[in-house]
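Lettering of chains follows the sequences in order, A, B, ..., and the numbering in each one begins at 1.
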Amino acid sequence: MATLLPNTFLFLPQPSSSSSSQRPDPKPNLSDHPTLSLLDQCTNLSQAKQIHARMLRLGLFFDPYSASRLITALTLSPSTSLDYARLVFDQIPHPNLYSWNTLIRAYASSPNPRHGLLLFSLMLQRGLHRPNKYTFPFAIKVASELAALSEGRALQGMAVKLGLDSDVFVLNSLIHLYASCSDLDLAHQVFVRIPQRDAVSWNSMITALAQSGRPEEALELFGEMEADESVRPNQVTMVSVLSACAKKGDLEFGKRVRSYIERNGIRCSLTMNNAMLDMYGKCGALEDAQMLFDEMTERDSVSWTTLLFGYAKCRGFRAARSVFDRMPDRDIGSWNALISACEQSGRPNDALALFHELQLTTSEVKPDQVTLVTALSACAKLGALDVGRWIHAYIKKQGFELNCHLATSLIDMYSKCGDLDKAMEVFQSANLKYKDVYVWSAMIGGLAMHGCGKAAIDLFLQMQEAKVRPNAVTFTNVLCACSHAGLVDEGRLYFSQMLPVYGVAPLASHYGCMVDILGRAGLLEEAVDLIEKMPIPAHYSVWGALLGACRVHGNLEVGELASKRLLELEPDNDGAYVLLSNIYAKHGRWDDVGKLRKLMKEKGLKKEPGCSSIEVDGVVHEFLLGDVSHPLSREIYSKLDEVASRLKSVGYVPDLSQLLRDVEEEEGKEQALHCHSEKLAIAFGLISTEAPAPVRIVKNLRICGDCHSVAKLVSVIYDREIVLRDRYRFHHFRKGECSCKEYW
DNA sequence: TTAGGGTTAG
């Protein structure tokens with residue numbers, strides 16, 4: 001990555017005779033000038049402009065110290081314009097170091113921190129000032145905001161050259177910098193080398209751990225801080241510790257923190273109450289959260305949103321909506337919390353409706369990156385490509401920077417909506433300058449679900465060339481790619497390398513993938529062997545993968561073992577009964593099939609109903625087996641009859657074998673097969689969309705064998721591409737063939 | 001001068 005900083009720091013100027021402090025050179029004759037005193041009382045931009053004009057008339061503006069006072073007033077007062085401050089700065093004939101520092105600091109907390117680094121570079125290029133111990137914390141903060149690791153490291157290098165690397169402010173800033181760049185090792189290296197750690201050093205490291213998904217270590221570090229007698233935990237420490245408790249879900253620790261605060265007389269603030277509210281909510285202690293909320297004398301939109309999320313977690317979406325409706329002010333964060341609560345509770349359609357409501361009902365609150373990421377996630381779940389495309393266009397139109405979060409969501413949305421080319425286009429976009437592990441993993445996952453195993457592995461290798469370290473998700477996707485493409489040797493290789501080569505301990509889900517790879521390839525013994533040697537408890541998904549493989553290969557003995565184990569872990573898993581009965585049926589053991597069905601009925605278990613959806617003009621239409629609820633139902637069934645007769649004319653015979661699992665379907669099997677949800681969706685797609693656009697279907701379960709054959713034939717007879725996403729992967733039907741090459 | 005609260009990606 002190209003650095004923004006030139007190599008001018010090799011030729012750093014000698015110390016200037018002027019001040020090396022961040023106090024603007026007090027010149028006795030000017031510091032109490034009445035015009036400058038006015039600056040301290042200045043509250044808005046127009047007043048500042050008047051004072052600026054007066055300073056120009058009096059010639060005061062050409063004195064560096066007076067000019068620095070103006071810059072300070074322009075950047076520190078809440079209602080001023082940074083652009084105006086910059087215009088003024090550029091007019092100062094000889095800005096002093098204080099002015100440079102002040103402006104860099106202002107950029108650090110502005111929407112465009114990048115200008116801060118550019119200004120720092122300009123200062124070095126001019127060569128009149130040498131950055132001091134105040135410059136570095138500001139410049140490093142800019143780098144933190146940008147998560148600019150290489151620039152940050154360059155800044156650290158400069159600080160070392162200038163002998164400022166033992167300054168505790170510089171070091172504390174570096175901890176925050178490296179944490180922002182997700183490099184906790186570097187952050188910790190800085191932390192341990194600070195000779196005299198102050199509260200900020202500790203707080204920075206505790207926060208870094210809490211915010212990087214390592215709340216246990218954050219709490220441990222707080223313990224060490226308490227043991228250090230040279231430093232006292234303060235309000236900020238409490239906020240970070242409460243946040244760690246919330247993330248860990250540790251109510252007991254959270255309550256101890258509350259009494260610690262009271263015992264040590266740490267003053268409560270709004271931020272601290274909000275952090276505590278969040279802790280209660282995330283730990284499921286809703287009554288405590290509500291009680292605290294009721295006691296709070298001051299509340300802001302964060303308090304309300306935190307309460308809203310607590311309700312969403314403990315009482316469900318309706319309760320969250322009722323908090324939302326009672327909120328006095330709703331900012332974009334409140335909307336995002338509501339949309340996200342909805343999306344995460346398995347209601348992606350409602351989440352998109354809320355996204356729509358946000359745009360229709362308010363003009364002041366605009367969607368931000370979080371809104372878009374959440375909405376894209378809902379589109380991905382639904383396979384809502386039109387809405388997803390619209391959001392992509394919105395991102396471009398509004399000028400959102402294509403950062404890793406947005407790129408990951410777009411890649412995932414396009415992949416899951418069946419447009420792999422578009423996903424790849426986002427991945428390769430020139431606007432995406434740096435790709436983090438999420439972006440790479442999403443693209444590998446996209447290729448995997450479309451059955452492009454070799455391409456996925458190739459990308460995995462490219463990722464390593466780019467020096468991006470794979471994580472657990474990356475491996476899930478790589479193994480998934482191997483599974484869908486039947487790449488057994490590659491699967492074995494990468495699975496065996498996970499811990500020794502990449503330092504990623506395989507989770508139960510990785511074992512599940514590996515069992516899937518081996519099982520599908522018919523290597524059932526090896527799969528069982530792998531499960532028996534697992535160093536961690538086998539999750540139900542591991543046995544599920546084995547059972548699925550037994551169904552494919554009709555292995556009764558291993559199948560019985562797998563279902564037994566699966567049901568021990570998940571007694572109400574309907575899939576286990578269905579798969580096992582399927583295997584019995586394949587062997588003609590109808591008595592056992594009957595027994596299983598009876599057992600399911602006794603337990604009140606029902607096979608999850610198959611549901612297929614298709615998006616037309618931004619509206620998602622859902623179909624169940626034999627569904628007649630669609631307004632165009634008559635046309636759909638008439639199309640289905642036409643399809644059936646054209647299929648028969650080319651010699652198609654329905655495949656009834658997979659129907660044997662459902663007792664309800666025994667009568668009129670062929671009829672039931674005829675109106676499977678995926679066939680209804682295909683028929684609707686044929687009448688409501690035009691070639692060459694593919695018919696895109698999303699199914700909640702695995703596609704049935706007969707529907708798979710029908711889709712292949714329809715793709716030839718009607719010369720239409722059908723893209724179908726099932727529970728596990730994509731099937732692209734083109735000219736009578738499927739991209740899965742029958743390996744599914 | 002540096003550190004802190006709600007909502008986001010598999």
Side-chain angles (χ1 to χ4, degrees), chain A residues 21-23 101-102 104-105 108 132-141 144 167-177 179 198-208 210-211 234-244 246 269-279 281-282 300-310 312 331-341 343-344 368-377 380 403-413 415-416 436-446 448-449 471-477 480 509:
Chain A
S21 80
Q22 187 58 3
R23 205 169 294 150
N101 289 350
T102 304
I104 293 169
R105 175 196 190 185
N132 66 3
K133 64 175 184 173
Y134 294 94
T135 322
F136 280 102
F138 301 147
I140 293 168
K141 186 172 179 174
S144 310
D167 183 274
V168 75
F169 284 83
V170 174
L171 292 166
N172 292 345
S173 306
L174 286 170
I175 296 175
H176 180 63
L177 164 77
D198 62 10
V200 180
S201 321
W202 286 95
N203 294 348
S204 302
M205 198 62 226
I206 291 171
T207 306
Q211 291 181 348
N234 60 18
Q235 234 180 51
V236 180
T237 323
M238 294 302 110
V239 172
S240 302
V241 170
L242 284 168
S243 164
S269 66
L270 176 60
T271 305
M272 198 199 275
N273 278 333
N274 286 343
M276 202 172 305
L277 200 55
D278 185 44
M279 181 276 292
K282 294 251 165 73
D300 63 3
S301 71
V302 175
S303 327
W304 279 95
T305 307
T306 308
L307 187 73
L308 182 161
F309 222 69
D331 62 10
I332 188 59
S334 337
W335 278 92
N336 290 343
L338 186 71
I339 297 173
S340 155
E343 202 266 336
Q344 284 175 14
D368 68 0
Q369 183 200 285
V370 177
T371 329
L372 300 171
V373 165
T374 313
L376 283 168
S377 171
N403 61 22
C404 290
H405 253 103
L406 278 174
T408 304
S409 303
L410 282 168
I411 291 167
D412 187 54
M413 181 278 292
S415 301
K416 288 193 177 147
D436 70 6
V437 62
Y438 284 92
V439 178
W440 285 95
S441 304
M443 196 62 239
I444 292 170
M449 69 181 92
N471 64 15
V473 178
T474 323
F475 279 104
T476 305
N477 295 349
C480 187
S509 55

Is [X] near enough to [N] that one of its side-chain N or O atoms lies under 4.0 angstrom from OP1 or OP2?
X        : N     : answer
A:Lys133 : B:dT2 : no
A:His176 : B:dA3 : yes
A:Lys416 : B:dA9 : no
A:Gln235 : B:dA3 : no

Heavy atoms from C-beta onward define the side chain here; which of [options] lies closest to that of [X]?
X        : options              : value
A:Val473 : B:dG10, B:dA9, B:dA3 : B:dG10
A:Thr408 : B:dG6, B:dT2, B:dA9  : B:dA9
A:Lys282 : B:dT7, B:dA9, B:dG4  : B:dT7
A:Lys141 : B:dA3, B:dT1, B:dG4  : B:dA3
A:Asn203 : B:dA3, B:dG10, B:dA9 : B:dA3

Can you tell me if [X] and [Y] form a side-chain donor-acceptor pair at under 3.5 Å?
X        : Y        : result
A:Ser415 : A:Asp412 : no
A:Asn203 : A:Ser240 : no
A:Asp300 : A:Ser303 : yes
A:Thr135 : A:Asn101 : yes
A:Asn477 : A:Thr474 : no
A:Asp278 : A:Thr306 : no

Once you round it to whole Å, what is the distance between [atom2] of [N] and [atom1] of [X]?
X        : N     : atom1 : atom2 : result
A:Trp304 : B:dT7 : CH2   : C1'   : 17 Å
A:Leu177 : B:dT2 : CG    : C1'   : 12 Å
A:Asp167 : B:dT2 : CG    : P     : 12 Å
A:Ile206 : B:dA3 : CD1   : P     : 15 Å
A:Ile175 : B:dA3 : CD1   : P     : 11 Å
A:Phe138 : B:dT1 : CZ    : P     : 7 Å
A:Asp198 : B:dG4 : CG    : C1'   : 15 Å
A:Asn336 : B:dT7 : CG    : P     : 10 Å

Need one value for [X]: base, sugar-phosphate or nothing, where a base atom within 4.0 Å counts as base even if backbone is also close, heavy atoms only.
X        : answer
A:Leu270 : base
A:Thr305 : base
A:Ser340 : sugar-phosphate
A:Asp300 : base
A:Gly333 : base
A:Asp412 : sugar-phosphate
A:Asp436 : base
A:Thr371 : nothing
A:Asn273 : nothing
A:Thr474 : nothing
A:Glu343 : nothing

Query raised in the report: Side chain of A:Asp331, base of B:dG6: donor and acceptor closer than 3.5 Å?
Result: yes
Requested in this report: Assess whether one donor atom and one acceptor atom, taken from the side chain of A:Thr306 and the base of B:dG6, lie less than 3.5 Å apart.
Outcome: no
Query - Considering all heavy atoms, the nearest A:Ser441-A:Val437 contact - result: OG-O, 2.6 Å
Query - Ring-on-base stacking B:dT1 with A:Phe169 (under 5.5 Å, under 30°) - result: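 So A:Phe169 counts as stacking on the base.
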